[in-house]
Amino acid sequence: MLLQRVAKHLRDQNWLAVAIDFLIVVFGVLLANQITNWNEARQDRIRASVFSESLKRELRAELGYANALIAYNRSTLSAGRLAYASLSGMQETDDETLLINAYRASQYNWYERRRAAFDQIVSSGSLSLISDPALLDTAVGVYNTQIFGLMLEEGQNSKFRELFRMNVEPAMQDELARNCGDIADVDQGFAVGLITIDYDCSLDASAEEISAAAQALRSDPLIVRSLGSRNVQTQGRISDLEGILETLGLNALFPEDTAP
């Protein structure tokens with residue numbers, strides 16, 4: 001209809017009507033474009049809100065796991081220092097106490113990273129939708145830090161862990177794992193599936209078996225040196241992770257979840 005009307009106005013040389021029809025067309029196009037832009041902006045705001053909330057949930061879980069990792073390593077470090085004092089002759093302990101602490105010092109822990117939301121945001125090219133610069137900077141920093149991989153690798157490849165496994169009989173290692181190994185952390189907070197090794201325990205093995213295992217540790221001169229090195233390494237990584245949580249802003253995002 002509009003084209004027919006324009007053609008008639010042209011034939012009649014009604015230039016005013018032609019101009020009015022032209023303005024109607026231009027206004028209609030501009031209005032359609034504006035409505036499209038409004039709808040796209042609205043969809044972007046919705047996506048940004050969803051992405052931001054998902055990212056916050058995962059970062060909060062990351063903080064929970066990081067704090068649990070710090071707590072776990074503090075426990076193994078405490079056990080390692082007690083075992084080192086015993087093996088080096090600085091402190092006398094009974095065989096069972098030495099064995100339990102040495103075993104716990106050889107343990108390590110890790111958690112599966114929570115990063116599905118961040119990976120989705122990156123893969124869809126939607127980082128610019130995160131309008132909170134602190135949230136974005138923290139997410140980029142947390143998901144690119146190498147500290148978690150380093151702690152896992154060092155725990156797996158610890159020389160002390162290798163020597164402990166070589167010197168202590170497998171049956172005794174099973175006994176230690178069963179009675180003094182990792183258990184579920186009942187005070188899990190926001191994160192789930194956390195474990196701890198900080199609790200009182202005792203062994204069911206005979207005094208002779210415990211004594212033989214402790215003597216095997218004391219007889220290997222490399223044990224105490226490797227344990228001392230592992231203790232220093234663990235203390236350093238605890239400090240590194242604590243510093244990263246602070247400098248990357250993860251503690252600041254969730255002050256109510258920050259470990260004391």
Query raised in the report: Between Leu99 and Asp95, is a side-chain contact (heavy atoms from CB on, under 4.5 Å) present by the stated rule, with each step listed?
Result: CA-CA 6 Å; Leu99 199 56; Asp95 291 340; over 6 Å; no

Requested in this report: Could I get the full list of salt bridge (charged side-chain N to carboxylate O under 4.0 Å, His left out) partners for Asp182, not counting sequence neighbours?
Outcome: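 Listed in chain order: nothing, the list is empty.
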
Requested in this report: Begin from the C-alpha positions of Asp198 and Tyr72 and carry the test side-chain contact (heavy atoms from CB on, under 4.5 Å) through to its verdict.
Outcome: CA-CA 8 Å; Asp198 184 18; Tyr72 188 95; over 6 Å; no

Report task. From the options Ile147, Asn67, Thr138, select the one residue that forms a side chain to side chain contact (heavy atoms under 4.5 Å, CB included) with Leu245. Result ->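 Passing option: Asn67.
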
Tell me, yes or no, whether the heavy-atom count around [X] atom [atom1], taken from other residues, nucleotides or ligands under 6.0 Å, exceeds 12.
X: Arg225; atom1: CZ; result: no
X: Tyr108; atom1: OH; result: yes
X: Glu169; atom1: CD; result: no

Query - side-chain contact (heavy atoms from CB on, under 4.5 Å) between Glu112 and Tyr65, worked out - result: CA-CA 9 Å; Glu112 192 72 35; Tyr65 293 125; over 6 Å; no

Ignoring hydrogens and geometry, is there a side-chain-to-backbone donor-acceptor pair from [X] to [Y] under 3.5 Å?
X: Gln146; Y: Asn144; result: yes
X: Glu175; Y: Asp204; result: yes
X: Ser211; Y: Ala207; result: no
X: Glu58; Y: Ala116; result: yes
X: Arg161; Y: Ser106; result: yes
X: Glu62; Y: Arg114; result: yes
X: Ser158; Y: Gly155; result: no
X: Thr234; Y: Arg230; result: yes

Requested in this report: Look at the side-chain heavy atoms of Ile, Leu, Val, Met, Phe, Trp and Tyr, link any pair under 4.5 Å apart, and say whether Met90 and Leu217 land in one connected group.
Outcome: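 Yes, same cluster.
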
**Report entry** Path from Leu194 to Leu152 over hydrophobic side-chain contacts below 4.5 Å
**Finding:**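 Different clusters.
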
**Report entry** Counterpart residues, side-chain contact (heavy atoms from CB on, under 4.5 Å), relative to Ser86 (two or more places apart)
**Finding:**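 Ser86: side-chain contact (heavy atoms from CB on, under 4.5 Å) contacts with Thr93, Leu98, Arg218.
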
Quick check: closest heavy atoms across [X] and [Y], and the distance to 0.1 Å?
X: Val168; Y: Ala213; answer: CG1-CB, 4.4 Å
X: Gln91; Y: Leu82; answer: NE2-CD2, 4.3 Å
X: Ser52; Y: Ile130; answer: OG-CD1, 3.7 Å

Query raised in the report: Would you say the side chain of Leu248 lies within less than 4.5 Å of the side chain of Tyr143, judging by non-hydrogen atoms?
Result: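 Result no, sub-4.5 Å side-chain heavy-atom pair not found.
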
Query raised in the report: What's the spacing between Ser75 OG and Gln107 CD if we round to 0.5 Å?
Result: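 Atom-to-atom, Ser75:OG and Gln107:CD are 11.5 Å apart.
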
Query - Verdict with supporting geometry, Gln235 and Arg81, side-chain hydrogen bond (donor to acceptor under 3.5 Å, both in side chains) - result: CA-CA 11 Å; Gln235 176 61 74; Arg81 285 171 172 167; 3.0 Å; yes

Requested in this report: Dump the intermediate steps for side-chain contact (heavy atoms from CB on, under 4.5 Å) on Arg165 and Tyr103, then the final yes or no.
Outcome: CA-CA 9 Å; Arg165 298 300 187 267; Tyr103 166 75; 4.2 Å; yes

